[in-house]
Enquirer: 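Could you have a look at this structure, given as structure tokens, before my questions?
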Protein chains: 2
Amino acid sequence: MSPRAPAAFRMTEQAYLVLLALSPEPLHGYAVIGAVRDLTDGATVLGAASLYGALDRLTAAGLVEPAGEAVVDGRVRRYYRVTEAGHRAAQQETERLRALAARAERTLRGDRPTGPGALGDLAGSPA
Amino acid sequence: MSPRAPAAFRMTEQAYLVLLALSPEPLHGYAVIGAVRDLTDGATVLGAASLYGALDRLTAAGLVEPAGEAVVDGRVRRYYRVTEAGHRAAQQETERLRALAARAERTLRGDRPTGPGALGDLAGSPA
DNA sequence: ACAGGATGTATCGGTCGCCGATATATATCG
DNA sequence: CGATATATATCGGCGACCGATACATCCTGT
């Protein structure tokens, strides 16, 4: 009925990386780029458009919030801070990735999912 | 100069999940949906458009290839198989995710990246 | 003095991945 | 005989991503 819902937040990998980079301490935009590059060993280098897009979406979702400004050497720095909900989301997504990677390693190794400790094993193969 | 490069393959999460689902054995499209749902404990349920889009891209990138057809109960099944390059890509992406999740857990736990065993520890924090 | 690069912010436009909806066909169940 | 499940595939729109661009300030090299 509502003409257009605000489009639910999607935890993309880049949004996750930004959230992760801001987790230890508040940073300003430009510093986030470097933090993400370090986190990924240089594999992911955000451009400005990607960075601010991700920050906007994270802010709109309430996972990140502005944390004041500072002027250093005449240049403005706008800081961002992870909210409580943001910390929870970061931990949740991290656990999801860890579980997925673990499952993937087992799958690639050739283990049948019938082993013990397999959390949610669904009903037998549909066919 | 070439007017349009074929757009390099991007290993998105969904493409990765499809690749992973096909790794143990060849499957037909519809079965991949179920396999991905199982792999992710129901978190990711592909629609037809997402599935065939991912299969097309994986095939174009040479990570997956057609593996014949079969008619079961009057319905056609088109099978897909992971290529050698596909297996390598799957292992590589799995390792990337594992490393990222591990780094993320350390980051969220508050560990300084100066700890032992940290593979690529970059230069000290820029600021 | 001035050009160029690094720092720092932000927006625009195009490409492309994702996803709901839709279409077609067959077998099965109520 | 319609609904549901299996199985294929495409279309159209939305939105994430990214290169390019713009603007301002400070530092360095020539």
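Quick note: numbers below take in every heavy atom, side chains included, and nothing from hydrogens, waters or symmetry partners. Within every chain, numbering begins at 1; the chains are lettered A, B, ... in the order of the sequence lines, protein sequences first and strands thereafter.
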Enquirer: Got a second to check how far A/R98's CZ is from B/R98's CZ, nearest 0.5 Å?
Expert: 11.5 Å

Enquirer: Could you tell me the separation between the CD atom of B/Q14 and the P atom of C/dC16, rounded to a whole number of Å?
Expert: 18 Å

Enquirer: Which donor-acceptor pairs under 3.5 Å do side chains of residues 43-60 of chain A form with protein atoms, sequence neighbours excluded?
Expert:
unit_1, atom_1, unit_2, atom_2, d
A/R57, NE, A/G53, O, 3.4
A/T59, OG1, A/L55, O, 2.7

Enquirer: Could you state the atom-to-atom distance from CG of B/L27 to C1' of D/dT8 in whole Å?
Expert: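 Answer to the nearest Å: 16 Å.
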
Enquirer: Rounded to the Å, how far apart are B/R37 CZ and D/dA5 P?
Expert: 12 Å

Enquirer: Is B/R10 close enough to C/dT15 that one of its side-chain N or O atoms is under 4.0 Å from OP1 or OP2 there?
Expert: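 Negative; the distance criterion is not met.
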
Enquirer: Of the nucleotides D/dA7, D/dA9, C/dT9, which has the atom closest to the B/R77 side chain?
Expert: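 Out of D/dA7, D/dA9, C/dT9, the nucleotide with an atom closest to B/R77's side chain is D/dA7.
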
Enquirer: Taking CE from A/M11 and C1' from D/dC17, how many angstroms apart are they, rounded to a whole number?
Expert: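 It works out to 17 Å between those atoms.
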
Enquirer: Over how many whole Å does the gap from A/H28 atom NE2 to C/dA10 atom P extend?
Expert: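 In whole Å, C/dA10 P and A/H28 NE2 are 11 Å from each other.
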
Enquirer: By side chain to side chain contact (heavy atoms under 4.5 Å, CB included), which residues pair with A/R96, not counting sequence neighbours?
Expert: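 Expected list: A/E93, B/E13.
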
Enquirer: What is the distance, to the nearest angstrom, from the CZ atom on A/F9 to the P atom on C/dC18?
Expert: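 After rounding, the gap between these two atoms is 16 Å.
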
Enquirer: Without decimals, in angstroms, what is the distance between B/E13 CD and D/dA16 P?
Expert: 15 Å

Enquirer: Return yes if some donor-acceptor pair links the side-chain N/O of B/S23 with the main-chain N/O of A/L108 below 3.5 Å, else return no.
Expert: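 No; zero donor-acceptor contacts below 3.5 Å.
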
Enquirer: Given that A/D73 and A/V45 both sit by DNA chain D, which one's nearest nucleotide is further toward the 5' end?
Expert: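 Looking at DNA chain D, the more 5' nearest nucleotide goes with A/V45.
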
Enquirer: Grab the N/O contacts between the protein and nucleotides 20-24 of chain D below 3.5 Å, and write none if there aren't any.
Expert:
none

Enquirer: Checking A/Y79 now: which residues fulfil ring-ring contact (aromatic ring centres under 6.0 Å, His included) with it, not counting sequence neighbours?
Expert: A/H28

Enquirer: How many Å lie between CD1 on A/I33 and P on C/dA6, as a whole number?
Expert: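 Rounding to the nearest Å, CD1 of A/I33 and P of C/dA6 are 14 Å apart.
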
Enquirer: Over all strands shown, is B/G29 touching base, sugar-phosphate only, or nothing at heavy-atom distances under 4.0 angstrom?
Expert: sugar-phosphate

Enquirer: Rounded at 0.5 Å granularity, tell me how far OG1 in B/T107 sits from CG in A/L22.
Expert: 12.0 Å

Enquirer: Check each residue of residues 51-64 of chain B for a non-hydrogen atom within less than 4.0 Å of any atom in DNA chain D, then write out the ones that pass by number, or none.
Expert: B/Y52

Enquirer: How would you label the contact of B/T12 with the nucleic acid (heavy atoms, under 4.0 Å): base, sugar-phosphate, or nothing?
Expert: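 It contacts sugar-phosphate atoms only.
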
Enquirer: What residues, two or more places apart in sequence or in another chain, satisfy side chain to side chain contact (heavy atoms under 4.5 Å, CB included) together with A/A21?
Expert: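 Partners of A/A21 under the side chain to side chain contact (heavy atoms under 4.5 Å, CB included) test: A/V32, A/A35, A/V36, A/L39.
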
Enquirer: Rounded to the nearest 0.5 Å, what separation is found between the CZ atom of B/R78 and the CG atom of B/L27?
Expert: 15.5 Å

Enquirer: Yes or no on side-chain contact (heavy atoms from CB on, under 4.5 Å) for A/Y80 and A/V18, after CA distance, side-chain angles and deciding distance?
Expert: CA-CA 10 Å; A/Y80 294 87; A/V18 169; over 6 Å; no

Enquirer: Give the nucleotide from the list C/dC19, C/dT9, C/dC16 with an atom nearest to the side chain of A/Y30.
Expert: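 Output: C/dT9.
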
